Protein chains: 2
Amino acid sequence: MASGSAARKPAPEPLVVLEDFLPYRLNVLAGLTSSALAQIYAERFGLSIPAWRVIVTLGQYECRTARDMAPDGVMHKSTVSRAVAALEKRGLVKRRPNLDDRREEWLALTPQGRAIYEAVAPEALAVGERLLSVLTPREQETLSTLIDKLTQQARLLAPQDAEGDEA
Amino acid sequence: MASGSAARKPAPEPLVVLEDFLPYRLNVLAGLTSSALAQIYAERFGLSIPAWRVIVTLGQYECRTARDMAPDGVMHKSTVSRAVAALEKRGLVKRRPNLDDRREEWLALTPQGRAIYEAVAPEALAVGERLLSVLTPREQETLSTLIDKLTQQARLLAPQDAEGDEA
DNA sequence: TTCCGTTCGTTGCCCATGCAACCAATACCA
DNA sequence: TGGTATTGGTTGCATGGGCAACGAACGGAA
């Protein structure tokens, strides 16, 4: 069927099969999980992903500077800056000047920020659990190891961008 | 040292440890590999990631419609539309009307498009190889299996967005 | 034939984000 | 001390990409 000429011809030489290409598959997986989470962050709590990361980090450490917010260089500093500004505006985060170095400021969750943190965190964790529930504990450990190895290697392959920001 | 009051206090209850949180780690890994690849695509060939995906798909199948370009629902149809438009403008892709259904159009690489495909593909593959080179063949197989399982599960958790587009 | 519902694809609008330039404060060094 | 380089953080600008509304074309039913 279809037109008489060249429909659905196989390509001369398929050099890459996209659905077997690791970076593509990683992107798909990460995108799906991100959107599952972003849905919770956004619809229920009005948080962007960067905002969520800031909140989680402050939930862990109580007091951090904006620079410490992305020690792995994942978020751009402008992203962090804007996320913090938005959170401060909503009264979820407060800043205190660091008297020892007045370039930077200490950040902390306000009580309202902490409350949101305590509301979102369990739901986010639940999504993570549901995701991992298809793997055996042993597989989960293996996965963790593999991700670490790959991440370490990926840092070497993506030098000046995501990493050069730091250092 | 530091200010006398509340610097670096541990948080009351760290509910989530970001660097152990699977979705976060996946995002970091995918982001690093993406940026390693995007660098090649962009700097050397002026291709965005969606454009690259279109080119690879057409390199595999010769003739596809825009709709078939993201069968897994990863790319939004507007993203595909714009990527195809840009590629056509650069003379890398050509459209032919499908006379059997004039809503859609067949897409194919032009010779120039094919040339770019053949130039980019090996480099992209090389990055993928270098990434995987830190894993044993057995680990690579395991990884593949785990990614598949997780992706399948992630599709269930991210319903209306990335998937609802299709169906 | 004429409706109605659905699908493919495009486009206007808007927001998020990366980049780069910039300001302020500090560090280093002569 | 002064001068330069470096770092923390913000902001203007341009771009990429999502969403939703739209137009065009098809399918089915009366």
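Note that the structure is predicted; figures quoted are calculated from it, not measured. Residue numbering restarts at 1 for every chain, and letters A, B, ... go by the order of the sequence lines. The basis for the numbers below is simple: all heavy atoms, side chains too, and nothing from hydrogens, waters or symmetry mates.
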Take atom CD of A/Glu43 and atom P of D/dC19, then tell me their distance rounded to the nearest Å.
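Interatomic distance, CD of A/Glu43 to P of D/dC19: 11 Å.
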Do B/Leu143 and A/Lys149 have side chains that get closer than 4.5 Å, going by heavy atoms?
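Counting from C-beta outward, B/Leu143 and A/Lys149 never come under 4.5 Å.
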Using side-chain contact (heavy atoms from CB on, under 4.5 Å) as the criterion, point out the one residue from A/Asn27, A/Val28, A/Leu32 that pairs with B/Val74.
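Considering A/Asn27, A/Val28, A/Leu32, a side-chain contact (heavy atoms from CB on, under 4.5 Å) with B/Val74 is found only for A/Val28.
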Let me know the distance between NE2 of B/His76 and C1' of C/dC14, rounded to the nearest Å.
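Whole-Å distance recorded here is 14 Å.
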Just wondering, do B/Arg95 and B/Val84 contact through their side chains at under 4.5 Å, heavy atoms?
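A side-chain contact under 4.5 Å exists here.
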Could you give the CG-to-P distance, from B/Leu99 to D/dA25, as a whole number of Å?
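Whole-Å distance recorded here is 13 Å.
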Can you tell me if A/Glu141 has over 12 outside heavy atoms packed within less than 6.0 Å of its CD?
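Open: at most 12 neighbouring heavy atoms sit under 6.0 Å from CD of A/Glu141.
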Every protein N/O within reach of nucleotides 8-10 of chain D N/O, cut-off under 3.5 Å:
{"unit_1": "D/dG8", "atom_1": "OP1", "unit_2": "A/Arg67", "atom_2": "NE", "d": "2.3"}
{"unit_1": "D/dG8", "atom_1": "OP1", "unit_2": "A/Arg67", "atom_2": "NH1", "d": "3.3"}
{"unit_1": "D/dG9", "atom_1": "OP1", "unit_2": "A/Ala66", "atom_2": "N", "d": "3.4"}
{"unit_1": "D/dG9", "atom_1": "OP2", "unit_2": "A/Arg67", "atom_2": "N", "d": "2.6"}
{"unit_1": "D/dG9", "atom_1": "N7", "unit_2": "A/Lys77", "atom_2": "NZ", "d": "3.0"}
{"unit_1": "D/dG9", "atom_1": "O6", "unit_2": "A/Lys77", "atom_2": "NZ", "d": "2.9"}
{"unit_1": "D/dT10", "atom_1": "OP1", "unit_2": "A/Arg95", "atom_2": "NH2", "d": "2.2"}
{"unit_1": "D/dT10", "atom_1": "OP2", "unit_2": "A/Ser81", "atom_2": "OG", "d": "2.6"}
{"unit_1": "D/dT10", "atom_1": "O5'", "unit_2": "A/Ser81", "atom_2": "OG", "d": "3.3"}

Sequence-distant partners of A/Glu123, side-chain hydrogen bond (donor to acceptor under 3.5 Å, both in side chains), two or more places apart:
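If we apply the side-chain hydrogen bond (donor to acceptor under 3.5 Å, both in side chains) test to A/Glu123, skipping adjacent residues, the hits are A/Arg44.
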Could you state the atom-to-atom distance from CZ of B/Arg102 to P of C/dT6 in whole Å?
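Going from CZ in B/Arg102 over to P in C/dT6 covers 23 Å.
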Regarding B/Thr65 and B/Asp68, do their side chains bring together a donor and an acceptor under 3.5 Å, going by distance alone?
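Short answer, yes.
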